Novice: 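I have a structure here, written as structure tokens, and I will follow up with some questions on it.
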There are 2 protein chains.
Amino acid sequence: MTQLSNYTYDEISIGQRASFERKVEERDIQLFAAATGDVNPLHLDADFAATTRFGERIAHGMLTASFVSAALAMRLPGPGTIFMEQQVRFRLPVRIGDVISVELEVTEKEDKRKAVTLACTARNQDGKAVLTGTAKVVAP
Amino acid sequence: MTQLSNYTYDEISIGQRASFERKVEERDIQLFAAATGDVNPLHLDADFAATTRFGERIAHGMLTASFVSAALAMRLPGPGTIFMEQQVRFRLPVRIGDVISVELEVTEKEDKRKAVTLACTARNQDGKAVLTGTAKVVAP
């Protein structure tokens, strides 16, 4: 198992950044559908997807949102992070084979609850923002 | 495959409700971790989780958030739904074996973009809200 490290509340400063990269594999779509019960044919059925505005299957929006969550849990603050709130806006479709880079930046700290707010952007391999949002977490 | 139906924008009215139920299985945690890359030990490592405020492993917050997304994609509006925005607040931990019921209620319609806003609540088997939030989607 990979060694994981984290940043405690006191070690986190406004403007601090982190990133997390993940390629969307066919397998991930199948696993995500099985885990969540979301078997929307837009994600699983090529014939159905061909009839939509996207023209082909796309990844579940929440799969990309979960990459943001993974970035928070794995990078900044890292393991021990407790999620309070997440807000996401889906901007562009994510296709199988896309390489998604999540960028996090600390925008606020709230000492009383050890709460940290981060701006979150997920970009595809062309640098285009596919998802933007914010997250509020309790740091370890 | 189960037959899926949906509600088009014109068929949706303010106050309309739908629900979606899902039991959190051990398997779902493993699949979700594999799909998203979020291998935070809080979800996967019983010994680590025992040292946290939760005392045991809990489900990824985004797994529960994805049940909300599944409810939108599978029930209301149903297949063909396009996600615009989702906002969630995590209120209580979800444990393996919990049965989560997602309740949706239409709160706004925006004719120009065929956008529908829904209030979303996920409750556990004790009726306690584990997640609350809103979602904005384009209806089919």
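For clarity, every value in this text was computed on a predicted model and none was experimentally measured. Labels below follow one simple rule: chain letters A, B, ... track the order of the sequence lines, proteins then strands, and each chain is numbered from 1.
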Novice: Of all the heavy-atom pairs spanning B/Leu42 and A/Thr81, show the shortest one and how long it is.
Specialist: CD2-O, 4.4 Å
Novice: For B/Ile29, is it the side chain, the backbone, both, or neither that has a heavy atom closer than 4.5 Å to a heavy atom of chain A?
Specialist: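 Neither part.
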Novice: Find out if a path of hydrophobic residues (ILVMFWY) with successive side-chain heavy-atom gaps under 4.5 Å connects A/Leu31 to B/Leu44.
Specialist: no
Novice: Over all heavy atoms of both residues, which pair between A/Asn40 and B/Met74 is shortest? Give the atoms and the distance, please.
Specialist: N-SD, 3.7 Å
Novice: When only heavy atoms count and the cut-off is under 4.5 Å, which of residues 21-28 of chain A reach chain B?
Specialist: A/Arg22, A/Arg27, A/Asp28
Novice: What residue in A/Ala49, A/Pro140, A/Ala71, A/Gly37 has the most heavy-atom pairs under 4.5 Å with chain B?
Specialist: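 Top count of heavy-atom pairs under 4.5 Å with chain B: A/Gly37.
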Novice: Grouping I, L, V, M, F, W and Y whenever their side-chain heavy atoms are under 4.5 Å apart, do B/Val94 and B/Phe54 come out in a common cluster?
Specialist: no
Novice: So if you build clusters from Ile, Leu, Val, Met, Phe, Trp, Tyr with side-chain heavy-atom gaps below 4.5 Å, do B/Tyr9 and B/Tyr7 land together?
Specialist: yes
Novice: Show me the side-chain donor-acceptor pairs of residues 83-90 of chain A shorter than 3.5 Å, one per line, residues at least two apart or across chains.
Specialist:
from	atom 1	to	atom 2	distance (Å)
A/Glu85	OE2	B/Arg89	NE	3.4
A/Glu85	OE2	B/Arg89	NH2	3.1
A/Gln86	NE2	A/Ala65	O	3.4
A/Arg89	NE	B/Glu85	OE2	3.4
A/Arg89	NH2	B/Glu85	OE2	3.1

Novice: For the hydrophobic clusters of this structure (ILVMFWY residues joined by side-chain heavy atoms under 4.5 Å, transitively), does one cluster hold both B/Ile12 and B/Val138?
Specialist: no
Novice: Would you call B/Ser66 and A/Asp38 a side-chain contact if the rule is heavy atoms closer than 4.5 Å?
Specialist: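 No. Closest side-chain heavy atoms not under 4.5 Å.
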Novice: I'd like to know which of B/Ala70, B/Gly61, B/Ala33 tops the heavy-atom pair count under 4.5 Å against chain A.
Specialist: B/Ala70
Novice: So for A/Thr36, is it side chain, backbone, both, or neither that comes closer than 4.5 Å to the heavy atoms of chain B?
Specialist: both
Novice: At a 4.5 Å cut-off on heavy atoms, which part of A/Ile58 comes close to chain B: side chain, backbone, both, or neither?
Specialist: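 No part of it gets close to chain B.
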Novice: Determine which residues belonging to residues 117-135 of chain A lie within contact range of chain B, meaning some heavy atom pair is under 4.5 Å apart, and list them by number or answer 'none'.
Specialist: none
Novice: Using heavy atoms and a sub-4.5 Å threshold, report which of residues 101-113 of chain A line up against chain B, by residue number.
Specialist: none
Novice: So what's closer than 4.5 Å to chain A heavy atoms on B/Ser69: side chain, backbone, both or neither?
Specialist: both
Novice: Do B/Leu63 and A/Met62 touch side chain to side chain, with heavy atoms closer than 4.5 Å?
Specialist: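 No, side chains not in contact.
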Novice: Is A/Ile96 reachable from A/Phe32 through a run of hydrophobic residues whose side-chain heavy atoms are each under 4.5 Å from the next?
Specialist: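 Per the 4.5 Å side-chain linkage, A/Phe32 and A/Ile96 are co-clustered.
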Novice: Between A/Val137 and chain B, which part of the residue has a heavy atom less than 4.5 Å away: side chain, backbone, both or neither?
Specialist: neither
